[in-house]
S.K.: 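Okay, handing you the structure first.
Both ligands and their constituent atoms are indexed starting at 1 by order of listing. All values reported here derive from a predicted model rather than from experimental measurement.
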Amino acid sequence: MKYNPSPGIFIGLGANLGDPVQQLTDALADIDSHADIKLLERSHFYSSAPMGPKDQPNYINAVCKVSTNLLPIDLLHVLQAIELSHGRVRKAERWGARTLDLDLLLYGNEYIKTEELTVPHYGMSGREFVLVPLFEIQPDLIMPNNQPIAHWIRECDLTALTRLMN
Ligand code: ROI
């Protein structure tokens with residue numbers, strides 16, 4: 001079913017190890033320099049308290065909007081390659097700290113559920129560090145349950161989220 005009248009392809013970025021601002025900056029440059037991907041928009045960077053285990057540094061988060069002729073699974077593989085090139089090590093620990101996390105949030109109006117990929121990304125609802133930057137670049141977004149993104153943000157705790165200047 002079509003839920004979004006102005007569909008786009010959105011990627012969530014997050015990091016909390018090393019130099020997170022630099023990692024996000026480099027990741028955006030990598031995304032944009034890929035032959036099959038064009039970076040259309042990016043949000044500000046946000047500092048956010050960790051969701052999950054609290055014994056880890058705050059995260060830097062952002063969202064970007066791209067256009068691409070890659071299929072969702074191929075886009076995912078590009079994002080995973082960029083994660084690895086930035087030193088991401090896939091650890092057994094769930095919800096642990098990471099040098100770079102790139103999540104395919106939305107791919108137009110597509111619903112995908114395979115072993116490798118779930119789109120819309122399962123971790124959007126209730127996550128202010130995803131929804132607020134997404135709202136910044138696409139305030140008219142209609143979410144998969146047909147509610148405006150502003151409704152989803154109303155359900156979030158925004159107290160531990162700070163917009164950075166870059
Ligand atoms: N918490 C925040 N604030 N930002 C993230 O990007 C993030 N990513 C994760 C978990 C560990 C769930 N917590 C997070 O994967």
S.K.: Would you mind telling me if ligand 1 is within reach of the side chain of Asp101, the backbone, both or neither, using heavy atoms under 4.0 Å?
M.R.: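 Contact part for Asp101 vs ligand 1: side chain (C-beta onward).
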S.K.: If hydrogens are left out, which of Gly12, Pro57, Ser48 has an atom nearest to atom 3 (N) of ligand 1, that is, the closest non-hydrogen atom?
M.R.: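 Comparing heavy atoms across Gly12, Pro57, Ser48, the nearest one to atom 3 (N) of ligand 1 lies in Ser48.
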S.K.: Taking Thr118 for the side chain and His121 for the main chain, is one N or O donor matched with an acceptor at less than 3.5 Å?
M.R.: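 Pair absent, no side-chain N/O of Thr118 close to backbone of His121.
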S.K.: By side chain to side chain contact (heavy atoms under 4.5 Å, CB included), which residues pair with Val130, not counting sequence neighbours?
M.R.: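 Once residues adjacent in sequence are excluded, the partners of Val130 under the side chain to side chain contact (heavy atoms under 4.5 Å, CB included) criterion are Leu105, Met124, Arg127.
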S.K.: Is the side chain of Tyr111 donor-acceptor paired with the backbone N or O of Pro144 at a distance under 3.5 Å, no angle test?
M.R.: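 Answer holds: yes.
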S.K.: Does ligand 1 have any atom sitting under 4.0 Å from a heavy atom of Gly52?
M.R.: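 Under 4.0 Å: no for Gly52.
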S.K.: Under a 4.0 angstrom heavy-atom cut-off, which atoms of ligand 1 come close to Pro50?
M.R.: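 What qualifies from ligand 1 is 1 (N), 3 (N).
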S.K.: Which atoms of ligand 1 are found less than 4.0 Å from any heavy atom of Ala49?
M.R.: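 By the 4.0 Å cutoff, the relevant atoms are 2 (C), 3 (N).
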S.K.: Could you list the atoms of ligand 1 found under 4.0 angstrom from a heavy atom of Asn61?
M.R.: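 Contacts of ligand 1 toward Asn61, numbered from 1: 2 (C), 3 (N), 4 (N), 5 (C), 6 (O).
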S.K.: Using a plain distance cutoff, I'd like to know if Gly14 has any nitrogen or oxygen under 3.5 Å from a nitrogen or oxygen of ligand 1.
M.R.: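 Among all N and O atoms of Gly14, none is under 3.5 Å from an N or O of ligand 1.
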S.K.: May I ask you to identify, for Pro53, whether its side chain, its backbone, both or neither come under 4.0 Å of ligand 1 on a heavy-atom basis?
M.R.: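 Near ligand 1, Pro53 shows nothing, with every heavy atom at 4.0 Å or more.
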S.K.: For the pair Thr68 (side chain) and Asp36 (backbone), establish whether a donor and an acceptor sit closer than 3.5 Å, ignoring hydrogens and angles.
M.R.: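 Side chain of Thr68 to backbone of Asp36: a pair is present.
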S.K.: Ile37 and side chain to side chain contact (heavy atoms under 4.5 Å, CB included): which single residue from Asp30, Leu75, Leu79 fits?
M.R.: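 By the side chain to side chain contact (heavy atoms under 4.5 Å, CB included) criterion, Ile37 pairs with just one of Asp30, Leu75, Leu79: Leu75.
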S.K.: Under 3.5 Å, which donor-acceptor pairs link side chains of residues 11-23 to any protein atom two or more places apart or in another chain?
M.R.:
from, atom 1, to, atom 2, distance (Å)
Asn16, OD1, Arg98, N, 2.8
Asn16, ND2, Gln56, OE1, 3.0
Asn16, ND2, Pro57, O, 3.0
Asp19, OD1, Gln22, N, 3.3
Gln22, NE2, Asp26, OD1, 3.0
Gln23, OE1, Asp19, N, 3.4
Gln23, NE2, Leu17, O, 2.7
Gln23, NE2, Thr99, O, 2.8

